[in-house]
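When reading the values below, keep in mind they use all heavy atoms of this one structure, side chains included, and skip hydrogens, waters and symmetry mates. Positions are given from 1, in the same order as the sequence printed here. When a ligand or atom number is given, it counts from 1 through the structure's own listing order. Keep in mind the model is a prediction, meaning the values are calculated, not measured.
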Amino acid sequence: MTSKETFRAPKGTRDILPPQSLRQRALTDLFAEMAGRYGFGEVVSPMFEDLGVFQRIGEGTDVVKKEMFELVSRSGDTQLALRPELTASVCRAFAQHRPLTPWKVFYQGPQFRYERPQAGRYRQFTQVGAEALGSDDPLLDVEIIALASRFFQALGLTQVRLLLNSLGDPEGRPAYLVALTEYFEANAESLSIQSQTTLQTNPLRVLDSKRPEDAAVIDGAPLITDFLSDSAAGHFASVCAGLDQLGIDYEIAPRLVRGLDYYLRTTFEFAADALDAAQNAVGGGGRYDGLVEQLGGPATPGIGFALGVDRILMACDAEGVFPGPPAAADVFLVDLTDGTQSLALIDELARGGVRVDRAYDNRSVKAQFKAADRSEAPLAVIIGEDEVAAGTAQIKDLVTGDQRSVTRSELLVEIRKLCS
Ligand code: AMP
């Protein structure tokens with residue numbers, strides 16, 4: 001006896017089936033459309049890169065240390081990794097191709113992180129994002145943040161908060177790191193074991209801990225905003241003024257640090273209040289002047305963000321917005337001949353821009369009408385031997401039950417009128 005193994009999607013991954021997949025596509029299409037309007041062009045980069053691309057930029061971070069899917073090529077001599085995010089790939093592409101600046105690009109696609117799966121946290125998830133390289137104008141920071149904010153608004157989300165911080169620059173940051181490290185070391189015994197370990201490698205990341213036992217110590221920690229150099233403080237003030245000018249609300253969040261440690265100056269995150277606090281980050285980003293250089297390119301300032309599509313859709317569910325496009329066809333064909341009429345009609349109507357469906361296997365009229373009802377299409381086109389002989393077709397409104405005859409040559413025009 002042979003036992004047949006049944007397979008499921010790997011842990012932490014999901015199949016996204018219709019109609020949910022249509023909704024996801026509508027969301028990424030809307031983002032692409034909006035990014036285009038703000039002057040960003042799409043960059044499509046590989047799903048895997050040389051491991052070094054990610055290692056070089058995030059050695060001290062969980063994403064790179066613990067969460068990467070590493071691959072070894074068949075020859076065994078190339079170490080690769082599935083991308084855990086796209087900023088590194090975009091900077092690698094910039095260093096490789098040296099496009100004219102400012103280089104404004106957007107992206108969409110899956111990212112891979114070996115995380116402990118839970119609701120809103122997957123091992124394969126989709127992000128949309130945008131990056132702008134080659135300028136450190138604070139008004140560019142404003143424009144980038146505006147693109148993300150306006151996107152959330154366009155989806156109909158009203159409970160997404162923008163949290164804003166500055167992580168300072170190489171002038172002011174060392175003094176802050178010294179003060180922060182001294183403070184945490186003095187209070188180390190009150191920190192969780194995990195944060196005590198993080199403290200050894202990356203004191204900034206301790207601020208990111210969501211563990212309740214760390215909360216009191218974090219609350220008393222020195223604030224980066226008290227350590228900004230004049231130039232970083234000026235940059236931050238311009239960003240705030242630009243957001244004020246556009247009427248985009250934000251909260252200053254002086255303890256906001258981001259998971260990847262290449263950020264400096266402007267950093268931001270979007271929190272969806274309709275989601276559970278543990279998984280409420282729907283996106284984030286910031287300025288990363290210096291990253292292109294680390295990847296072998298010329299010194300180039302940059303700023304960008306990534307938004308988590310899976311979580312944004314969860315937030316849309318929670319707020320009851322962005323239902324996505326209707327899944328049903330416009331027209332269901334009911335074929336009373338041997339089915340060959342439908343074959344030609346599908347071809348004609350689909351090519352003419354109509355979304356059309358039918359039944360198969362020569363089903364009875366009753367079964368075909370049942371299928372039409374189930375499909376939720378608003379219209380049926382009925383064709384039998386009489387219609388074939390007369391060169392006509394019947395159009396039936398499946399909501400009111402009204403039915404009328406049109407000539408075959410007018411059918412497409414009539415249907416398009418009814419669908420518009
Ligand atoms: P990050 O690059 O970590 O700042 O991620 C940007 C956004 O991607 C987050 O705010 C989340 O919305 C989303 N995200 C990150 N990791 C995951 C994950 N494992 N599963 C689902 N969404 C994620």
Would you say Asn165 and Thr267 are linked by a side-chain donor-acceptor pair, where the criterion is simply a distance under 3.5 Å?
no

Taking N or O atoms only and a 3.5 Å limit, does Glu115 qualify as a polar contact for ligand 1?
yes

Run the numbers for me: atoms of ligand 1, each under 4.0 Å from some heavy atom of Gly120, listed by number.
20 (N), 21 (C), 22 (N)

I need the atoms of ligand 1 closer than 4.0 Å to a non-hydrogen atom of Ala281, numbered in the order shown.
9 (C), 10 (O), 11 (C), 12 (O)

Can a cation-pi geometry be assigned to Arg123 and Tyr114, taking NZ or CZ under 6.0 Å from the six-membered ring centre and within 45° of the ring axis?
yes

Tell me the nearest of Phe125, Phe305, Phe270 to atom 18 (C) of ligand 1, using heavy-atom distances.
Phe125

At under 4.0 Å between heavy atoms, which part of Asp310 makes contact with ligand 1: side chain, backbone, both or neither?
neither

Geometric N/O contact Leu307 with ligand 1, under 3.5 angstrom:
no

Flag yes if more than 12 heavy atoms outside Arg116 fall under 6.0 Å of its CZ atom; otherwise flag no.
no

Salt-bridge contact Asp317-Arg23 (side-chain N to carboxylate O under 4.0 Å)
yes

Which of these, Gly283, Pro84, Gly308, has its nearest heavy atom closest to atom 10 (O) of ligand 1?
Gly283

Nearest heavy atom to atom 2 (O) of ligand 1, choosing from Arg121, Arg123, Arg113, belongs to Arg113

Compute whether any side-chain donor of one residue and acceptor of the other, for Glu189 and Gln196, lie under 3.5 angstrom apart.
no

Answer side chain, backbone, both or neither: which part of Gln127 comes under 4.0 Å from ligand 1, heavy atoms only.
side chain

Do Arg14 and Tyr122 meet the cation-pi criteria used here (NZ or CZ under 6.0 Å from the six-membered ring centre, within 45° of the axis)?
yes

Determine whether the side chains of Gln108 and Thr126 contain a donor N or O and an acceptor N or O closer than 3.5 Å.
no

Heavy atom under 4.0 Å from ligand 1: found in Arg311's side chain, backbone, both, or neither?
side chain

